[in-house]
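Shown next, in structure tokens, is the structure this report addresses.
FYI, the numbering just counts along the sequence from 1.
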Amino acid sequence: MSAAPQKAKPGAEQIPVVVSAVVPLNDLVTRFEFQRRDGAPFPPFSGGAHTVVQMQDGDLTRLNPYSLMSDPADSSTYAISVRREDEGRGGSLFMHQRVKQGDEMVISYPVNLFSLDLRAKKHIFFAGGIGITPFIAMIAQLERSNGNWELHYACRTETLGTYVDMLSNKYPNKVHVYYDDQSQAIPLEDLLDGQPLGTNAYVCGPKGMIDWVHATASAAGWPEAQVHSEEFLKPEPGKEFEVRLCKSDKTITVGENESLLEAIERAGVEAPFLCRGGACGQCETDVVTADGEFVHRDHWLDDDQHASGKKIMPCVSRFLGTLELDR
């Protein structure tokens, strides 16, 4: 498989890479490592950053965000870990089934929407499943600066505990693991109650876990600014709908299994993005007219903006009816 470099999209400058390693970790998760094709060092990044991986699947271009989990101090390699989603939209299956060592691909420059607050006196991490990946880079960064941190990691089973052995062996006093099938649970209320002043909390994992940590921290009196989370939403399938792109003078049909952003790109119209998961705000688009019902799914727009009908995030949101956009 080979993919030629494509024209850079606004806000998502691209890097041609070669797949230097493919490492299966368990039944569901595989690590992919990349090196630049030109042999130059990668751009620097900080713990919590992600890259968008471009997958050329025949005529279809897939663009999926993945957290960088390699050491931020190592500019020779970027690494991601991908959980196989058999009922997903196809990106993770493409990575697991089609991508091999030596393949040429294209990834984006790193973007960080989940960075460490380096003013914090302590960092407490809550990870669920594949949500462990950004914390591996964060831990490497903090270890270099003698940062104060601890990790609480919930896994479904011991066999699906991605990186548990590595983390537990390296940091036995800082890593705490909980297995769902052994009826073990993170003692969240106690942990949040027992932290020193100036602690920041971070959570990455399933939506239910993210909501639980935010709600529990809020009830315990934690300032909102000291609780950080990351969740990249997947575009959900839905009923086909029609969109008029006014600036481009094009009318497009958004299919049941593609996002509005993907349909815009398929029509040859450039649209900016950084995360493609409803979190960064880069693809925010003005609505000219709307006849129907919005299906907002992003984390970016507030409730008033959703209700106004004047904005949409095309990476994850849909529409029932006919829509005109300022694009």
Please confirm whether the backbone N or O of [Y] pairs with a side-chain atom of [X], one donor and one acceptor, at under 3.5 Å?
{"X": "Ser81", "Y": "Thr133", "result": "no"}
{"X": "Arg297", "Y": "Pro235", "result": "no"}
{"X": "Glu256", "Y": "Glu240", "result": "no"}
{"X": "Asn200", "Y": "Leu116", "result": "no"}
{"X": "His152", "Y": "Ala127", "result": "no"}
{"X": "Lys100", "Y": "Gln97", "result": "yes"}
{"X": "Gln141", "Y": "Gly47", "result": "yes"}
{"X": "Asp74", "Y": "Asp71", "result": "no"}
{"X": "Asp57", "Y": "Leu60", "result": "no"}
{"X": "Ser92", "Y": "Arg84", "result": "no"}

Donor-acceptor pairs are to be reported for all side-chain atoms of residues 210-223 against protein atoms at under 3.5 Å, with residues two or more places apart or in another chain.
from: Asp211; atom 1: OD2; to: Lys207; atom 2: NZ; distance (Å): 3.3
from: His214; atom 1: NE2; to: Ser229; atom 2: OG; distance (Å): 2.9
from: Thr216; atom 1: OG1; to: Trp212; atom 2: O; distance (Å): 2.7
from: Trp222; atom 1: NE1; to: Leu192; atom 2: O; distance (Å): 3.2

Stepwise, does the salt bridge (charged side-chain N to carboxylate O under 4.0 Å, His left out) test hold for Glu104 with Arg37? CA-CA 8 Å; Glu104 293 183 347; Arg37 279 187 245 170; 3.3 Å; yes
How would you list, by chain and number, every residue that makes a side-chain contact (heavy atoms from CB on, under 4.5 Å) with [X], sequence neighbours excluded?
{"X": "Cys283", "value": "Met313, Pro314, Cys315"}
{"X": "Pro196", "value": "Lys122, Thr199"}
{"X": "Val53", "value": "Thr51, Met55, Tyr66, Ile80, Met95, Met105, Ile107"}
{"X": "Thr322", "value": "none"}

Quick one, Glu230 and Pro134 - any side-chain contact, counting heavy atoms below 4.5 Å?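 Counting from C-beta outward, Glu230 and Pro134 do come under 4.5 Å.
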Under 4.5 Å between any side-chain heavy atoms of Phe114 and His50, yes or no?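 The answer is no; the side chains never approach within 4.5 Å.
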Verify same cluster id: [X], [Y] (apolar side-chain graph, 4.5 Å):
{"X": "Met69", "Y": "Val19", "answer": "no"}
{"X": "Val269", "Y": "Val52", "answer": "no"}
{"X": "Leu113", "Y": "Phe126", "answer": "no"}
{"X": "Leu323", "Y": "Val295", "answer": "no"}

Could you give me the CA-CA distance, side-chain angles and deciding distance for Phe34 and Tyr78, then say whether ring pair (Phe, Tyr, Trp, His ring centres under 6.0 Å) is met? CA-CA 5 Å; Phe34 306 104; Tyr78 277 178; 8.1 Å; no
Holding to side-chain hydrogen bond (donor to acceptor under 3.5 Å, both in side chains), I want the full list of residues that pass it with Tyr171, two or more places apart in sequence or in another chain.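 Here no residue qualifies.
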For Glu324, enumerate each residue passing the side-chain hydrogen bond (donor to acceptor under 3.5 Å, both in side chains) test, keeping only those at least two apart in sequence or located in another chain.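 side-chain hydrogen bond (donor to acceptor under 3.5 Å, both in side chains) list for Glu324, sorted by chain: Thr289.
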Parallel, tilted or perpendicular, as decided by the 30° and 60° cut-offs, for the rings of His296 and His306: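 Geometry flag for His296 against His306: parallel rings.
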Residues Lys311, Asp286: salt bridge by 4.0 Å N-O rule: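 Yes, Lys311 and Asp286 are salt-bridged.
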I'd like to know if Arg266 and Glu258 make a salt bridge, using a cut-off of under 4.0 Å between side-chain N and carboxylate O.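 Salt bridge between Arg266 and Glu258, a charged N being under 4.0 Å from a carboxylate O: yes.
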So which pairs with a foot in residues 161-178 pass salt bridge (charged side-chain N to carboxylate O under 4.0 Å, His left out), sequence neighbours left out?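 Every pair satisfying salt bridge (charged side-chain N to carboxylate O under 4.0 Å, His left out) with a residue in residues 161-178: Glu143-Lys174.
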Just wondering, more than 12 heavy atoms not from [X] lying within 6.0 Å of its [atom1]?
{"X": "Asp38", "atom1": "CG", "result": "yes"}
{"X": "Asp303", "atom1": "CG", "result": "no"}
{"X": "Trp300", "atom1": "CH2", "result": "no"}

Suppose clustering is done on Ile, Leu, Val, Met, Phe, Trp and Tyr with side-chain heavy atoms closer than 4.5 Å. Which residues sit in the same group as Val18?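 Reading the cluster by chain and number, Val18 sits alone, since nothing else belongs.
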What residues, two or more places apart in sequence or in another chain, satisfy ring-ring contact (aromatic ring centres under 6.0 Å, His included) together with Phe125?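 Here the qualifying residues are Phe135, Tyr202.
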Donor-acceptor pairs are to be reported for all side-chain atoms of residues 242-255 against protein atoms at under 3.5 Å, with residues two or more places apart or in another chain.
from: Arg244; atom 1: NH1; to: Thr251; atom 2: OG1; distance (Å): 3.0
from: Arg244; atom 1: NH2; to: Asp249; atom 2: OD1; distance (Å): 2.1
from: Ser248; atom 1: OG; to: Arg327; atom 2: O; distance (Å): 3.3
from: Lys250; atom 1: NZ; to: Ala267; atom 2: O; distance (Å): 2.5

Please determine, by modelled atom types, if Glu150 and His176 share a side-chain donor-acceptor pair under 3.5 angstrom.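 The answer is no; no qualifying pair exists.
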Using residues 182-191 as the side-chain source, report each donor-acceptor pair under 3.5 Å to any protein atom, sequence neighbours left out, with the distance given to one decimal.
from: Gln182; atom 1: OE1; to: Gln184; atom 2: NE2; distance (Å): 3.3
from: Gln182; atom 1: NE2; to: Glu158; atom 2: OE2; distance (Å): 2.8
from: Gln184; atom 1: OE1; to: Tyr179; atom 2: N; distance (Å): 2.9

